[in-house]
Participant: 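The following block contains the structure, expressed as structure tokens.
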Amino acid sequence: MADIPAIATTSIAKLEVRSVLADNASKQCLECEKSVIANVRACSQPTILGFDPGRQKCGLAVMGLDRTLFYRAVIAADEVLATIQQLQQKYPISLIVMGDQTSAEDWQQQLTQLAEPLRVVLVDERYSSLEARDRYWQINPPKGLQRLMPQGMRQPQEPIDDIVAMLLIERYLNRLVEG
């Protein structure tokens with residue numbers, strides 16, 4: 001008789017573990033579904049790759065024509081070509097919008113080495129870093145004492161090259177709309 005409560009407790013514990021595992025699996029399935037839906041949305045329209053070239057690090061962004069952002073990252077310069085090729089497999093990228101300043105000519109030449117080369121459109125990159133810093137603070141509102149500092153004195157906590165790449169796409173799209 002003394003063993004019955006121990007068996008019952010063990011069975012209840014097993015049921016609770018199964019329930020937790022099922023909940024976790026369900027959550028993972030929902031995350032997978034969201035990812036699949038995002039990729040299907042990405043594939044339903046052409047996308048543009050924004051590229052902020054640099055010597056040591058570069059910013060990349062993938063955005064749809066409806067300005068839906070699908071990807072953004074700051075990566076090492078030596079990983080750019082491989083990353084772009086991976087992005088080409090994931091998204092229907094129709095062209096590359098690249099900043100026209102820092103090492104743009106060198107990068108334009110390197111981009112021809114892609115397995116599936118894309119048309120490259122140069123966009124005026126002037127003041128994009130200042131604009132990206134402002135956008136950074138819109139995306140990541142300051143906390144604590146930083147809120148009290150004037151925005152022009154705040155420094156982002158991470159590189160903003162990916163935000164510059166995003167802004168380059170927006171500038172290109174604005175140029176198309178304005179004529």
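This one's a predicted model, so the numbers in the text were calculated from it and none came from an experiment.
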Participant: Is there a continuous path of hydrophobic side-chain contacts, each under 4.5 Å between heavy atoms, that joins V74 to V164?
Facilitator: no
Participant: Can you see which heavy atom on A115 is nearest to which on Q85, and at what distance?
Facilitator: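 Shortest heavy-atom separation between A115 and Q85 comes out as N-NE2, 3.0 Å.
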Participant: Transitively linked via ILVMFWY side-chain contacts under 4.5 Å: I169 with F51?
Facilitator: no
Participant: Between S94 and T47 (side chain of the first, backbone of the second, donor and acceptor by atom type, cut-off under 3.5 Å), is there such a pair?
Facilitator: yes
Participant: Can you tell if the side chain of R175 reaches within under 4.5 Å of the side chain of V97, non-hydrogen atoms only?
Facilitator: no
Participant: Over all heavy atoms of both residues, which pair between I160 and R133 is shortest? Give the atoms and the distance, please.
Facilitator: CD1-N, 3.8 Å
Participant: About how many Å separate CD1 of I84 and CG of L60, when rounded to the nearest 0.5 Å?
Facilitator: 5.5 Å
Participant: How many angstroms lie between atom CG of N140 and atom CD of E158, to the nearest 0.5 angstrom?
Facilitator: 6.0 Å
Participant: Are L167 and L49 connected in the hydrophobic side-chain network, where two residues link if heavy atoms are under 4.5 Å apart?
Facilitator: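 No.
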Participant: Using 0.5 Å steps for rounding, measure from the CD1 atom of I48 to the CE atom of M166.
Facilitator: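 Atom-to-atom, I48:CD1 and M166:CE are 13.5 Å apart.
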Participant: Does the E125 side chain pair with the main chain of D52, one donor and one acceptor, at a distance under 3.5 Å?
Facilitator: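 Here the side-chain-to-backbone pair does not exist.
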Participant: Strictly distance-based, threshold 3.5 Å: is any side-chain N or O of R72 a donor or acceptor partner for the main-chain N or O of A165?
Facilitator: no
Participant: Looking at CG of L114 and CD1 of I96, how far apart are the two atoms once the value is rounded to the nearest 0.5 Å?
Facilitator: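 Separation between the atoms: 5.5 Å.
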Participant: Looking at every heavy atom in both Q155 and Q146, which two are closest together, and how far apart are they?
Facilitator: O-NE2, 4.3 Å
Participant: Testing the basics here: between L69 and A61, what is the closest heavy-atom pair and its distance to 0.1 Å?
Facilitator: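 Shortest heavy-atom separation between L69 and A61 comes out as CD1-CB, 4.3 Å.
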Participant: With a 4.5 Å limit on heavy-atom distance, are the side chains of L173 and V177 in contact?
Facilitator: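 Answer no - side chains too far apart.
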Participant: Going only through I, L, V, M, F, W and Y residues with side-chain contacts under 4.5 Å, is there a path from L118 to M98?
Facilitator: yes
Participant: According to a hydrophobic-cluster definition based on side-chain heavy atoms being under 4.5 Å apart (Ile, Leu, Val, Met, Phe, Trp, Tyr only), do L176 and V123 belong together?
Facilitator: yes
Participant: Do S128 and R171 have side chains that approach each other closer than 4.5 Å (heavy atoms only, starting at C-beta)?
Facilitator: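 Side-chain contact under 4.5 Å: yes.
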Participant: Indicate yes or no for a side-chain donor-acceptor contact from D161 to the backbone of C58 under 3.5 Å, with no hydrogens or angles considered.
Facilitator: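 Judged by distance alone, no pair lies under 3.5 Å.
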Participant: Does the side chain to side chain contact (heavy atoms under 4.5 Å, CB included) test come out yes or no for L130 and D134, once each step is laid out?
Facilitator: CA-CA 6 Å; L130 292 173; D134 290 342; 5.7 Å; no
Participant: About how many Å separate NZ of K57 and CD1 of I75, when rounded to the nearest 0.5 Å?
Facilitator: 12.0 Å
Participant: Taking it one step at a time, do W107 and V120 satisfy side chain to side chain contact (heavy atoms under 4.5 Å, CB included)?
Facilitator: CA-CA 10 Å; W107 275 109; V120 177; over 6 Å; no
Participant: I'd like to know if the side chain of Q88 and the backbone of E116 have a donor-acceptor N/O pair within less than 3.5 Å.
Facilitator: yes
Participant: Report yes if some heavy atom in the side chain of L111 is under 4.5 Å from a heavy atom in the side chain of L81; otherwise report no.
Facilitator: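 Heavy-atom side-chain distance check passes, below 4.5 Å.
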Participant: Any heavy-atom pair between the side chains of L95 and Y172 that's under 4.5 Å?
Facilitator: yes
Participant: In Å, rounded to the nearest 0.5 Å, how long is the span from CD1 of I139 to CD1 of I163?
Facilitator: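 It comes to 4.0 Å.
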Participant: Can you give me the closest heavy-atom contact between I93 and V62, atom names plus distance?
Facilitator: CD1-CG2, 4.4 Å
Participant: Could you pull out the closest heavy-atom pair between A104 and L122, with the gap in Å?
Facilitator: CB-CD2, 4.5 Å
Participant: If the plane angle is over 60° it's perpendicular, under 30° parallel, otherwise tilted; pick one for Y71 and Y91.
Facilitator: tilted
Participant: Does P142 reach the side chain of M149, with side-chain heavy atoms less than 4.5 Å apart?
Facilitator: no
